[in-house]
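Below is one structure, written out as structure tokens, with a few remarks after it.
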Amino acid sequence: MNHLKKMSEFNHADLLVIRKNLVHWYDACHRHLPWRENADPYRIWVSEVMLQQTRVKTAVPYFLAFVEAFPTLEDLAKADLEQVLKLWEGLGYYARARNLHKAACRVVSDLHGRIPSRFSDFTALPGVGDYIASAVLSMAFGQAHAVVDANVKRVLARLLCLDVPVNLSSAHRQFQTIADSLLDRNDPGRFNQAVMELGALVCTPAVPACSVCPIADNCCALSAAQIQTFPLRLKTKKIPCHRISTGIVIKNGKLLVTRRKLSGLLGGLWEFPGGKRLKGETARAACIREIKEETGLDVSISSFLTRIKHAYTHFKIEMDVFYCDYMSGEVTLNGPIDYQWISLPEIQRFAFPKANLKFIPLIDQTLNARKVS
DNA sequence: AAGACGGGGCA
DNA sequence: TGCCCAGTCTT
């Protein structure tokens with residue numbers, strides 16, 4: 001750390017070299033991804049939404065299925081939210097899907113189906129922030145907006161030995177200013193993708209491949225042998241673990257599923273009813289109580305199915321899943337916005353959270369036969 | 001300015 | 001396990 005010379009900006013000569021080397025490297029080494037086949041702003045938009053906090057490898061199959069189902073923005077606007085969520089099932093951050101669908105509807109109804117070419121008009125749409133607007137406008141329309149994502153921040157932090165943590169919200173403006181100064185305005189879309197591609201393929205978080213980096217000569221962190229020091233990052237807090245009870249309520253061979261409210265965690269998804277265990281409460285008691293509270297039904301536990309562990313961003317859950325027999329009562333929803341009694345094969349028509357998808361394959365295929373006998 | 005919001009992959 | 005990822009919205 002002794003001889004580390006920190007910088008807050010590039011000098012002009014470095015700028016030219018970095019731009020040239022970066023773009024040449026990108027042309028030679030970039031991946032061939034489905035949203036790079038053309039400059040269709042709709043496809044680029046969809047891809048950028050899916051890529052938020054999500055790796056390329058994860059997003060690709062979702063992207064292909066999504067544009068297959070909705071080839072154009074008009075097709076997306078015409079679709080039901082439930083259908084959109086089903087295509088998003090398992091991808092996470094479901095507000096992205098709700099916002100993208102709402103934005104598509106708004107573009108069609110208010111903007112003649114035209115994706116805004118003005119930055120401020122674009123960011124006025126739900127789910128479109130600085131990053132999405134910069135990415136789509138630069139890649140589809142060639143506008144000079146620098147993207148700042150996690151890749152860009154990591155690359156810049158290393159190039160300049162930046163002192164500020166990348167996950168400090170107040171530092172974002174500083175990264176944006178630096179990215180703007182580095183942007184190659186001759187081809188902003190290609191340059192933006194080049195920086196992000198470098199972050200994804202070469203300047204990776206754990207073990208960067210500095211030996212093949214096209215801008216290694218300009219890297220402050222590398223020259224100071226401090227690659228592992230950057231980027232700086234604030235420590236994250238420990239997350240709590242909740243104990244959940246979930247019931248597969250069976251009535252005449254049909255299963256009860258409920259739909260979560262549109263806002264908040266897993267908004268709009270379907271699930272098997274249940275909820276958090278209270279202090280000192282048994283898993284079975286919590287299952288019966290939660291189902292009564294959410295649906296108004298009285299049930300009894302018939303057997304234990306399995307225990308599921310699942311991690312969210314801010315907490316973990318340990319979920320005990322029980323088979324329940326319907327006893328009495330009519331459905332009166334308190335919390336969920338909808339419910340249905342469904343047969344086992346019908347499950348695949350609904351979008352479920354991952355925690356539910358982990359136990360759904362275990363549900364006994366002979367449920368119907370057993371109940372009849 | 002901090003917290004909410006999913007899920008997967010990797011060391 | 002803990003970290004981190006082509007961010008945005010709410011409070």
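First the proteins, then the strands, lettered A, B, ... as listed; each starts at 1.
- Sorted by residue number, the list of members of residues 172-190 of chain A with any non-hydrogen atom under 4.0 Å from DNA chain C is empty.
- For the segment residues 131-141 of chain A, the set of residues with a heavy atom within less than 4.0 Å of an atom of DNA chain C comprises A/Tyr131, A/Ile132, in numerical order.
- The closest side-chain donor-acceptor pair between A/Arg96 and A/Thr54 falls under 3.5 angstrom.
- Within the structure, every pair that satisfies the side-chain hydrogen bond (donor to acceptor under 3.5 Å, both in side chains) test and touches residues 185-203 of chain A, not counting sequence neighbours, is listed here: A/Tyr26-A/Gln193, A/Asp27-A/Arg190, A/Arg31-A/Glu197, A/Arg36-A/Gln193, A/Arg36-A/Glu197, A/Ser138-A/Asn192, A/Asp184-A/Asn186, A/Asp187-A/Arg190.
- Nearest nucleotide to the side chain of A/Arg36, out of C/dA6, C/dC9, B/dG6: C/dA6.
- Taking A/Lys354 as the reference, nothing meets the salt bridge (Lys or Arg N to Asp or Glu O under 4.0 Å) condition, with sequence neighbours excluded.
- The side chain of A/Tyr94 lies closest to B/dG6, out of B/dG3, B/dG6, C/dG7.
- Considering only side-chain atoms of A/Lys237, the nucleotide from C/dC4, B/dG6, B/dG3 that sits closest is B/dG3.
- Between B/dG6 and C/dC3, the distance separating the two C1' atoms is 15 Å to the nearest Å.
- With sequence neighbours excluded, the residues forming a side-chain contact (heavy atoms from CB on, under 4.5 Å) with A/Glu74 are A/Thr72, A/Val108, listed by chain and number.
- The phosphate of B/dC5 has neither OP1 nor OP2 within less than 4.0 Å of any side-chain N or O from A/His314.
- Taking atom CG of residue A/Asn167 and atom C1' of nucleotide C/dC4, one finds them 10 Å apart after rounding to whole Å.
- A residue-by-residue look at A/Arg31 and A/Gly127 shows that A/Arg31 has its nearest nucleotide of DNA chain C further toward the 5' end.
- Residue contacts for A/Ser170: at a heavy-atom cut-off of 4.0 Å it reaches the sugar-phosphate backbone alone, with no base atom in range.
- For A/Trp270 and A/Gln340, the side-chain atoms include no donor-acceptor pair closer than 3.5 Å.
- Heavy atoms of A/Arg154 sit under 4.0 angstrom from primed sugar atoms or phosphate atoms, though from no base atom.
- Using a 4.0 Å heavy-atom distance criterion, A/Val49 is classed as making no nucleic acid contact.
- Applying the side-chain contact (heavy atoms from CB on, under 4.5 Å) test to A/Ala355 and every residue at least two apart in sequence or in another chain returns A/His310, A/Tyr312, A/Ile317, A/Met319.
- Listed by first and then second residue, the ring-ring contact (aromatic ring centres under 6.0 Å, His included) pairs that reach into residues 137-171 of chain A are A/Phe119-A/His145, sequence neighbours excluded.
- Checked by atom type, the side-chain pair A/Tyr131/A/Glu48 shows a donor-acceptor distance below 3.5 Å.
- Grouped by direct or indirect side-chain proximity (heavy atoms under 4.5 Å, Ile/Leu/Val/Met/Phe/Trp/Tyr only), A/Val17 sits alone.
- The 5' end of DNA chain C is approached more closely, in terms of each residue's nearest nucleotide, by A/Lys235 than by the other of A/Pro126 and A/Lys235.
- Distance from the side chain of A/Asn151 is smallest to C/dA6 among C/dG2, C/dA6, B/dG6.
- Listed nucleotides B/dG6, C/dC4, C/dA6 differ in distance to A/Gln53; the shortest reach to its side chain belongs to B/dG6.
- When hydrophobic side chains of Ile, Leu, Val, Met, Phe, Trp and Tyr are connected at separations under 4.5 Å, A/Ile239 ends up as a singleton with no cluster partners.
- With rounding to whole Å, A/Leu234 atom CG is found 14 Å from C/dC3 atom C1'.
- Among the protein residues, A/Trp88 comes within range of no part of the nucleic acid, since none of its heavy atoms lies under 4.0 Å from any strand.
- Between A/Asp149 atom CG and C/dT8 atom C1' the separation is 14 Å, expressed in whole Å.
- In this structure, a donor-acceptor pair under 3.5 Å is present between the side chains of A/Ser343 and A/Glu346.
- If you take CG of A/Leu125 and C1' of C/dT8, they are 13 Å apart, rounded to a whole angstrom.
- Under the 4.5 Å side-chain heavy-atom criterion for ILVMFWY residues, a single connected hydrophobic cluster contains both A/Leu269 and A/Ile347.
- Every side-chain contact (heavy atoms from CB on, under 4.5 Å) that A/His12 has, sequence neighbours left out, goes to A/Leu15, A/Leu16.
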Side-chain donor-acceptor contacts of residues 153-160 of chain A below 3.5 Å, not counting sequence neighbours, with atom names and distances?
{"unit_1": "A/Lys153", "atom_1": "NZ", "unit_2": "A/Val166", "atom_2": "O", "d": "3.4"}
{"unit_1": "A/Lys153", "atom_1": "NZ", "unit_2": "A/His172", "atom_2": "ND1", "d": "3.3"}
{"unit_1": "A/Arg154", "atom_1": "NE", "unit_2": "A/Cys203", "atom_2": "O", "d": "2.7"}
{"unit_1": "A/Arg154", "atom_1": "NH2", "unit_2": "A/Asn151", "atom_2": "OD1", "d": "2.7"}
{"unit_1": "A/Arg154", "atom_1": "NH2", "unit_2": "A/Gly199", "atom_2": "O", "d": "2.7"}
{"unit_1": "A/Arg154", "atom_1": "NH2", "unit_2": "A/Cys203", "atom_2": "O", "d": "3.4"}
{"unit_1": "A/Arg158", "atom_1": "NE", "unit_2": "A/Phe230", "atom_2": "O", "d": "3.0"}
{"unit_1": "A/Arg158", "atom_1": "NH1", "unit_2": "A/Cys203", "atom_2": "O", "d": "3.3"}
{"unit_1": "A/Arg158", "atom_1": "NH1", "unit_2": "A/Thr204", "atom_2": "O", "d": "2.9"}
{"unit_1": "A/Arg158", "atom_1": "NH2", "unit_2": "A/Thr204", "atom_2": "O", "d": "3.3"}
{"unit_1": "A/Arg158", "atom_1": "NH2", "unit_2": "A/Pro205", "atom_2": "O", "d": "3.0"}
{"unit_1": "A/Arg158", "atom_1": "NH2", "unit_2": "A/Phe230", "atom_2": "O", "d": "3.4"}

Below 3.5 Å is the cut-off: list the nitrogen or oxygen pairs between protein and nucleotides 8-11 of chain B, distance only.
{"unit_1": "B/dG8", "atom_1": "OP1", "unit_2": "A/Lys354", "atom_2": "NZ", "d": "2.8"}
{"unit_1": "B/dG8", "atom_1": "N2", "unit_2": "A/Arg55", "atom_2": "NH1", "d": "2.7"}

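- For B/dA11 and C/dA6, the C1' atoms lie 23 Å apart once the distance is rounded to whole Å.
- Counting only heavy atoms from C-beta on, A/Ser169 has its side chain closest to B/dA1 among B/dG6, B/dA1, C/dA6.
- Heavy atoms of A/Ser47 sit nowhere under 4.0 angstrom from any nucleic acid atom.
- In this structure, A/Trp45 atom CH2 and C/dT8 atom P are separated by 12 Å, rounded to whole Å.
- Nucleotides C/dC9 and B/dG8 are separated by 24 Å at their P atoms, to the nearest Å.
- When heavy atoms are screened at a 4.0 angstrom cut-off, A/Tyr312 is found touching the sugar-phosphate backbone but no base atom.
- Closest approach to the A/Thr236 side chain among C/dA6, B/dG3, C/dC3 is made by C/dC3 (side chain taken as heavy atoms from C-beta onward).
- A/Arg96 has its CZ atom 12 Å from the P atom of C/dA6, to the nearest Å.
- Atom pair A/Leu357:CG and B/dG7:P shows a separation of 8 Å (rounding to whole Å applied).
- Atom pair A/Leu168:CG and B/dA1:P shows a separation of 8 Å (rounding to whole Å applied).
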